[in-house]
Amino acid sequence: MIDTRTERLLVSEALVVPSGVTAGALTVEPVEPGRVPGFVESAFSPLIKSVIDRCLAGVTGGEAFGDEGARTGLVLATLYGDTVTADLGSKLLTSGRVANPLLFYQSVPTTILGVVARDYAITGPTTCVALRGDLRGEALDLVDTILDDGMDQVLLLGVDLATETRPLDAHAQLQDGGPQAGAARVDAAVAFLIRRADPTPGTARAAVTPDADAHLSDFGSLAGLVQLYLTVRAERAAAAAGAVAVNVGSALGERELRLLLREPS
Amino acid sequence: MTESQRVVVTGFGVFTAFGFGEKALLDGVFSGRPAFREVDRFDISPFRCKSAAVYDGSGPEIPEVSFAGDPPPRQHDALVACSRAAIDMAGIAESKISGVLVGSQGDYRPITRYWGSLADGADTPDTAFLKDSVPGQLSHGVGDALGVGPLRMTFLNACVASADSIIHASRLISRGRADALLAGGSYLVERELFAKFDSARAFAKDGHVRPFSKDRTGLLLGDGVACLMLESEASAAARGANVLARIAGWGISSDAYHASRPHPEGRGTATAMESALRVAGLGPDAVDYVNVHGTGTASNDTSETAALRRVFGDRAAHLPVSSTKSTTGHTLEGAGAVEAVITLLALTHGIVPPTANFTTPDPALDLDYVTDGPRRQSLRRAISTNSAFGGANTALLLERA
């Protein structure tokens with residue numbers, strides 16, 4: 001049941017899928033994330049850096065934030081975390097080989113967020129959260145709460161790697177009565193820069209973001225956020241609606257988050 | 001905007017190398033007795049470092065959790081035991097709790113078993129409790145075992161993870177989104193992370209954690225699990241519950257400086273403390289004690305000292321500051337919750353826990369690090385700080401009930 005509604009401004013968004021995806025009517029072009037010095041073994045951290053660079057390119061022109069960096073938060077949402085680094089480190093350990101010290105800090109998600117924070121001069125809250133099932137509702141609820149806690153804007157990124165070997169076997173054990181997300185078949189990251197907005201209830205027609213389409217099942221836990229990205233891109237391209245509406249925060253009561261696509265006039 | 005609710009602590013459960021419960025902490029941490037010993041939980045021979053603060057069975061046992069043999073117990077079991085203790089202490093019905101927030105990177109033990117079984121020649125991998133390796137599952141498993149309400153969140157931001165779980169639970173309660181939430185975190189010493197710290201040469205070379213001492217050489221790991229029962233003050237009052245302390249303020253920040261080194265002037269830690277004071281509506285003079293992150297590494301201790309100078313000015317020189325990692329070891333994702341409980345006990349018992357193992361003053365570090373043993377002192381408010389790789393920082397401001 002929707003009991004409250006919040007309006008925020010969606011400043012920009014980005015999606016990075018290194019392999020690209022074609023499923024039904026959906027085509028996502030492949031994007032090479034590029035290298036990040038010090039992060040050499042797994043796509044996890046380069047994906048994060050790449051999707052944030054793309055999300056902020058039109059906002060800061062690739063430069064650091066000014067004073068607003070102090071009022072900017074960072075939220076990373078994932079189901080599995082960096083499984084490639086975790087498994088590589090464990091395989092080295094259990095086969096009696098010397099662990100690569102680089103795996104030490106690559107395995108910690110705050111490390112790549114520290115790189116992002118340095119590059120964009122972001123000094124607000126940095127949070128990494130793992131959620132079971134689709135990430136969209138609780139991750140957007142967390143963003144909304146941090147905005148309520150005094151930040152002017154929050155950069156949300158969802159990231160998960162293709163689920164193979166050990167994570168796939170773990171995934172098979174999650175098929176109980178709890179929230180479910182399909183196994184991801186692609187590496188992907190999606191980002192949204194969300195800002196506080198003066199409330200203007202009822203002034204913008206909102207396109208409702210549906211639940212994730214079956215064609216998005218390759219994205220696993222990110223399917224809902226990718227669906228939001230696609231809904232936003234379609235509305236921006238058509239210049240039809242001034243906002244998109246998305247249901248968030250189902251565990252503590254579902255409510256509607258209305259994301260304005262342009263500054264209220 | 002909903003009128004802000006005050007957030008109170010009505011119960012806790014805690015487990016460290018000293019054992020389970022409040023008395024174990026008072027006998028160990030508050031007497032300044034380090035818990036480091038040679039690790040026998042797994043084969044230590046491949047590693048340069050041999051020591052950690054691991055539970056050896058001599059302290060109070062954690063209910064229904066066995067530390068006998070290899071591997072160590074599941075984080076899940078330890079979290080459930082600590083949560084049940086928090087619920088029992090609070091005297092609250094599970095049905096009134098809206099959910100559980102946990103700080104953990106997931107349990108690495110089943111990952112080691114999985115790949116270890118294949119390395120040992122098994123045809124199929126050992127998948128026992130493999131779901132515990134999925135960080136997002138851990139809070140679900142704990143919440144389901146307890147039978148509490150539906151919110152389940154796992155924070156995996158390293159050494160600030162369980163502080164972040166307490167902070168987010170406090171935000172939700174203060175905004176009226178929930179009346180009661182469990183928040184905490186866990187780490188139990190195991191091979192995977194021990195190997196990574198060892199390969200990075202991050203461990204203390206002399207087998208002692210010596211925060212703020214000139215001869216400090218690094219950190220050592222420790223077992224640490226804690227859960228706090230957080231409620232709105234109105235909810236606790238309606239139940240007639242005994243309030244232990246109040247979470248008066250919180251702050252979380254980023255250094256925006258370096259992937260693995262803290263800001264040399266403690267910018268981020270200072271920002272987190274200033275945010276906590278702002279949320280509480282208090283000035284720095286209101287704080288009587290700071291339980292710092294205090295890892296015993298050269299860069300951390302310098303950075304934190306600078307942060308304290310920045311926030312407290314000249315008063316910093318006379319403000320008791322201690323690192324209880326000198327006795328518990330670094331409990332990683334569990335640190336924020338374990339140290340929040342230690343800070344709470346400092347308030348309720350009127351004892352500043354000491355910084356142990358201190359031998360030699362460092363001319364660059366000139367605060368009151370409480371190196372001469374526990375100090376009896378009436379404490380009204382205290383801050384607990386934590387920091388993580390990438391420059392993430394937290395501060396929790398606790399106030400005596």
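Throughout, protein chains are lettered first and strands after them, A, B, ... in sequence-line order, and every chain is numbered starting at 1. Please read these numbers as outputs of a predicted model, since none were measured by experiment.
Taking 4.0 Å as the cut-off between side-chain N and carboxylate O, A:Asp149 and B:Arg175 do not count as a salt-bridged pair.
Using a distance-only test at 3.5 Å, with no hydrogens or angles considered, no donor-acceptor pair links the side chain of A:Thr110 to the main chain of B:Asn157. Between the side chain of A:Gln173 and the backbone N or O of B:Ala128 there is no donor-acceptor pair closer than 3.5 Å.
In this structure, the side chains of B:Thr271 and A:Thr123 stay at 4.5 Å or more apart for every pair of heavy atoms. At least one side-chain heavy atom of A:Thr165 sits under 4.5 Å from a side-chain heavy atom of B:Trp115. Taking 4.5 Å as the limit, some side-chain heavy atom of B:Ser133 sits within range of a side-chain heavy atom of A:Arg166. Within the 4.5 Å cutoff, no side-chain heavy atoms of A:Leu113 are placed close to those of B:Ser254. Side-chain contact between A:Thr127 and B:Ile252 is present, with heavy atoms from C-beta onward closer than 4.5 Å. No side-chain heavy atom of A:Arg132 sits under 4.5 Å from any side-chain heavy atom of B:Ser139. Counting heavy atoms from C-beta on, the side chains of B:Thr154 and A:Val129 never come closer than 4.5 Å. With a 4.5 Å cut-off on side-chain heavy atoms, B:Val134 and A:Pro167 do not count as touching.
Around CD of B:Glu265, the count of heavy atoms belonging to other residues, nucleotides or ligands within 6.0 Å does not exceed 12. When the shell of 6.0 Å around CG of A:Asp152 is examined, it contains more than 12 heavy atoms from other residues, nucleotides or ligands.
Here OG1 of A:Thr94 is found 8.0 Å from CG of B:Asp120. Values are rounded to the nearest 0.5 Å. The CG atom of B:Leu156 sits 7.0 Å away from the OG1 atom of A:Thr78 when rounded to the nearest 0.5 Å. To the nearest 0.5 Å, atom CE of residue B:Met153 and atom CG of residue A:Asp141 are 7.0 Å apart. Put simply, CD on B:Gln137 and CG on A:Leu174 are 5.5 Å apart, with the number rounded to the nearest 0.5 Å. Rounding to the nearest 0.5 Å places OG of A:Ser90 at 12.0 Å from CZ of B:Arg113. Atom CZ of B:Arg191 and atom CG of A:Leu93 lie 5.0 Å apart (nearest 0.5 Å).
Annotation: maximal heavy-atom pairing with chain A below 4.5 Å, among B:Ala256, B:Gly390, B:Ser253, occurs at B:Ala256. Ranked by heavy-atom pairs under 4.5 Å with chain B, the list A:Val115, A:Leu131, A:Thr83, A:Asp169 is led by A:Asp169. Across A:Asp87, A:Leu74, A:Leu142, A:Leu76, the residue that shares the most heavy-atom pairs under 4.5 angstrom with chain B is A:Asp87. The residue among A:Ser221, A:Gly114, A:Gly124 with the most heavy atom pairs within less than 4.5 Å of chain B is A:Gly124. Top candidate by heavy-atom pairs under 4.5 Å with chain B, chosen from A:Gly73, A:Gly150, A:Ala130, is A:Ala130. Among the candidates B:Arg152, B:Lys131, B:Arg278, B:Arg267, the residue making the largest number of heavy-atom pairs closer than 4.5 Å to chain A is B:Lys131. Taking A:Ala172, A:Ser95, A:Cys128 one by one and counting their heavy-atom pairs under 4.5 Å with chain B, the maximum is reached by A:Cys128.
Proximity to chain A (any heavy atom under 4.5 Å) is shown, for B:Pro46, by neither the backbone nor the side chain. Interface residue B:Tyr114: only side-chain heavy atoms are found under 4.5 Å from chain A. Contact of B:Phe47 with chain A is made through the side chain alone, with heavy-atom distances under 4.5 Å. Contacts of B:Glu192 with chain A are made by both backbone and side-chain atoms, with heavy-atom separations under 4.5 Å. For a residue to count as touching a neighbouring chain, one of its non-hydrogen atoms must lie under 4.5 Å from one of that chain's; by this rule A:Leu79 touches chain B with backbone and side chain alike. Only the side chain of B:Asp164 comes within less than 4.5 Å of a heavy atom in chain A; its backbone stays farther off.
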query = Stepwise, does the salt bridge (Lys or Arg N to Asp or Glu O under 4.0 Å) test hold for A:Asp148 with B:Arg171?
reply = CA-CA 9 Å; A:Asp148 269 347; B:Arg171 284 188 194 120; over 6 Å; no

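Among all heavy-atom pairs drawn from A:Ala170 and B:Leu130, the shortest one is N-CD2, 3.4 Å. Closest heavy-atom contact between B:Pro150 and A:Ala251: CG-O, 3.2 Å.
The ring-ring contact (aromatic ring centres under 6.0 Å, His included) test applied to B:Tyr108 returns no partner, not counting sequence neighbours.
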